[in-house]
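Written below as structure tokens is the structure these notes are about.
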Amino acid sequence: MSSPAPFFASSPLSITSQRRTPKSRFTYKQLHQLKSYSPQTPLRVIAHVDLDAFYAQCETVRLNIDPSKPLAVQQWQGLIAINYPARAYGLSRHVTSTEALKACPELILQHVATWKEGDEKWAYHEEAFKHIATHKVSLDPYRMESRKILKCIKESLPEKEQRVEKASIDEVFMDLSAQVYTILLERYPELGGPPPYDDPSEYLPIVPTTVLDWKADALVETGEEDGEVKDPDWDDVCLVIASEIVRDVRAQVKEQLGYTCSGGIAKNKMIAKLGSGYKKPNQQTVIRNRAVKHFLGEMKFTKIRMLGGKLGDEAVAMFGTDKVRELLEQPLEQLKRLGDDTGSWLYNTIRGEDHSEVNPGTQIKSMLSAKSFRPAINSFDQGVRWLRIFVADIFSRCVEEGVLENKRRPKTINLHHRQGAQTKSRQSPIPQGKPLSEVVLFDLAKNLLAQIVVDGRAWPCANLSLSVGGFEDGITNNKGIGGFLVRGEEAKAMMSNNRSSISGSEPPAKRRRTKGNIKSFFGPPSKERKDFDAARAVLKAHQESTREEEDDNEEPDDEEFSAPPLEESKAKPMTPTTNRHESMDDSFGARTSPSAQLQIKAEPLPTQELRDHTPHPIKQQPYQLYQKKIDTFFCDKCNIHLPITDRSEHDDYHVALDLSREMRQEERNQPLPTSAVKKTPVAPKPSRGRGRPPGGGNGSGSGRAVEKGQAKLVFGRQS
DNA sequence: GTGGATGAG
DNA sequence: CGCTCATCCAC
């Protein structure tokens with residue numbers, strides 16, 4: 001906390017003569033630390049500004065609706081934002097749109113903008129909620145407004161004395177210390193002089209004003225008799241000034257853009273944030289340092305950032321209270337039962353200590369486009385269609401980030417996939433050195449999906465999400481000087497090019513005819529098999545094109561710029577793969593011909609987890625599964641016991657194994673040996689209930705040489 | 001690199 | 001609720 005308040009300051013020289021002079025609790029040093037945004041000075045002034053019901057306000061502004069009318073933003077059947085007039089009807093985020101209308105018949109419901117398949121831009125569609133199966137929501141309009149607001153806020157502050165952090169789409173932190181320092185010296189020139197005895201540790205003079213004008217700001221009470229207005233010190237003055245600044249910022253945002261927001265002003269980020277939520281909407285709250293203890297003490301600590309979840313629950317359970325006041329009684333050692341670092345953090349936090357800085361230039365680190373499928377989707381083709389939308393979404397956001405101008409650029413692309421309780425993800429680097437384009441992203445994304453599909457159990461898929469990440473700041477124009485100036489033009493051309501190619505038709509998924517014993521084995525041309533083939537074709541084509549790009553690498557830059565349309569790149573003739581490294585670590589084709597070996601190696605199949613027999617529990621099993629003993633089943637093909645939690649993965653393993661064997665057969669144009677086409681390849685729906693007890697089991701299944709406990713089938717692999 | 005957990009909004 | 005974003009961690 002702050003230093004003890006020496007109402008009568010001591011000075012190194014004449015103690016007696018100074019005795020009578022009342023002093024501030026703060027030193028010259030602490031005052032001057034304001035200039036440099038030092039997180040240590042107790043005079044520091046931080047503000048938090050939070051837009052009121054942001055999405056809802058965006059819609060009232062966009063549609064020029066009277067803001068006193070109740071309005072909610074709809075996403076499918078749910079509400080994601082409710083303005084304050086509507087909240088008066090008791091509406092909250094958990095009600096459906098129909099329930100909301102029942103409670104408030106005059107409620108204005110506006111659905112969020114959506115991307116429609118095939119469209120090149122999101123739009124506000126009529127009756128969008130009916131199109132959950134074909135549209136994906138877009139938050140772009142809100143991101144754009146957020147950007148405008150941030151810009152407006154920054155323009156309301158002096159260019160040289162601002163430090164603004166975007167904390168979320170509708171929140172900012174401002175460190176007003178430097179600006180407040182300047183204003184303070186203007187208003188109180190006596191502070192500008194050198195400290196007595198040139199000693200920065202000397203205390204400041206007292207504040208000349210006896211009464212501060214807090215305007216209409218909500219002032220948090222101190223909980224003390226006369227603490228409200230008595231003896232203002234410089235920290236109070238700083239907060240008054242900061243409060244004026246915040247009031248002005250808010251007025252600017254309102255005047256120029258029409259948005260109301262709430263503010264919190266205090267000595268650090270944590271308190272400021274709590275302050276902005278204290279009185280809403282369209283108000284601001286000052287928490288003076290002398291009020292912090294009271295303010296926090298009355299609060300539930302679960303309101304504090306980071307304590308709103310599991311950690312907060314743990315603390316509540318551990319100490320039997322959710323009140324800050326009561327938690328204050330716990331010594332540090334007790335709090336450390338939550339973990340050393342966590343305990344220390346909590347100890348300081350509930351005492352109002354937070355020295356974290358306001359970080360300006362908070363750039364985005366990743367971006368994601370996702371959709372939950374209701375109902376689930378069931379084919380590679382469907383998945384690819386969504387990928388188009390994701391890519392369009394993400395790429396347009398990349399453009400906003402300055403990717404075309406090479407200001408920033410993502411390094412990796414990642415596809416997440418959920419099937420039932422299982423999630424999978426595949427990622428790949430985004431090739432650097434070339435301009436990023438929609439086609440490039442789409443190609444990568446499609447390849448990632450193909451990887452997931454060939455890995456097994458992909459359908460029905462309940463969720464897909466595509467993200468790019470690892471954004472790097474301007475790898476500024478250090479690269480090849482040639483062909484750099486025209487980038488802007490080319491980028492434009494590129495975008496229109498991409499557009500046509502990306503919305504074009506699918507590359508013809510090469511259908512492999514499956515007949516004879518294969519057919520009898522897998523049944524009629526199953527959906528699974530078609531999918532598998534389509535995915536595999538994509539993988540193969542991708543590898544081909546990758547190889548060609550590598551060959552092209554010596555070519556001048558302008559070649560690459562005219563990215564071939566998707567169809568072309570897929571239709572390129574397959575160049576035989578005679579790459580030395582590829583066969584190097586390949587133990588896959590031990591039983592196959594050399595030529596087949598090379599081809600097979602090109603398939604990233606099957607994946608690590610499918611090759612690996614090491615038992616591991618499947619993700620988010622219901623809690624009981626972790627608690628109770630895990631049964632095992634016996635795989636008579638592998639002659640090995642496995643926990644039943646591994647059952648489905650293990651089955652996938654066999655599916656992949658059989659498929660790859662089958663494919664090898666096809667490549668060689670030879671009949672499949674009957675031994676491979678045997679009975680019960682895989683129990684399609686393993687009955688979870690009856691796992692065989694350990695030890696129960698028959699001997700060898702197939703001729704596969706796999707020993708219990710060391711089931712290691714080595715496949716050639718792939719990145 | 002894969003994939004979960006956690007948390008905020 | 002769904003959709004973003006971020007960070008941390010185990011393997």
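Protein atom CZ of A:R305 is 17 Å distant from nucleotide atom P of B:dT6, rounded to whole Å. If you measure from atom CZ of A:F301 to atom P of B:dG7, you get 13 Å, rounded to the nearest angstrom. The nearest whole Å value for the distance from the CD1 atom in A:I413 to the P atom in B:dG1 is 14 Å. In this structure, the CD atom of A:Q419 is 13 Å from the P atom of B:dG3, given to the nearest Å. With rounding to whole Å, A:R426 atom CZ is found 10 Å from B:dG3 atom C1'. A:E171 has its CD atom 11 Å from the P atom of B:dA8, to the nearest Å. Rounded to whole Å, atom P of B:dG7 lies 12 Å from atom CG of A:L338. Remark: C1' of B:dA8 and CG of A:L274 are 14 Å apart, rounded to the nearest angstrom.
With sequence neighbours excluded, the residues that form a side-chain hydrogen bond (donor to acceptor under 3.5 Å, both in side chains) with A:K151 are A:E155. Take A:T349 and apply the side-chain hydrogen bond (donor to acceptor under 3.5 Å, both in side chains) test, not counting sequence neighbours, and it matches A:W345. Residues meeting the side-chain hydrogen bond (donor to acceptor under 3.5 Å, both in side chains) test with A:E127, sequence neighbours left out: A:K130. Qualifying side-chain hydrogen bond (donor to acceptor under 3.5 Å, both in side chains) partners for A:K411, counting only residues two or more places apart in sequence or in other chains: A:E472. For A:F390, there are no ring-ring contact (aromatic ring centres under 6.0 Å, His included) partners, not counting sequence neighbours.
Counting any heavy atom pair closer than 4.0 Å across all strands shown, A:I394 reaches no nucleic acid atom. Heavy atoms of A:I169 sit nowhere under 4.0 angstrom from any nucleic acid atom. Counting any heavy atom pair closer than 4.0 Å across all strands shown, A:K166 reaches no nucleic acid atom.
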Quiz item: In the 5'-to-3' direction, what one-character label does each nucleotide of nucleotides 1-11 of chain C receive under the scheme B = base within less than 4.0 Å of a protein heavy atom, S = sugar-phosphate only, - = no such atom?
Solution: BSSSSSS----
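You'll find that the side chain of A:M306 is closest to B:dG7, out of B:dG9, B:dT2, B:dG7.
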Quiz prompt | CA sep, side-chain torsions, deciding dist, call: A:H135, A:H125, ring-ring contact (aromatic ring centres under 6.0 Å, His included) | solution = CA-CA 10 Å; A:H135 290 213; A:H125 293 276; 4.8 Å; yes
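Remark: side-chain polar atoms of A:R351 are paired, donor with acceptor, to backbone N or O of A:Y347 under 3.5 angstrom.
Between B:dA8 and A:K310, no contact under 4.0 Å exists linking OP1 or OP2 to a side-chain N or O.
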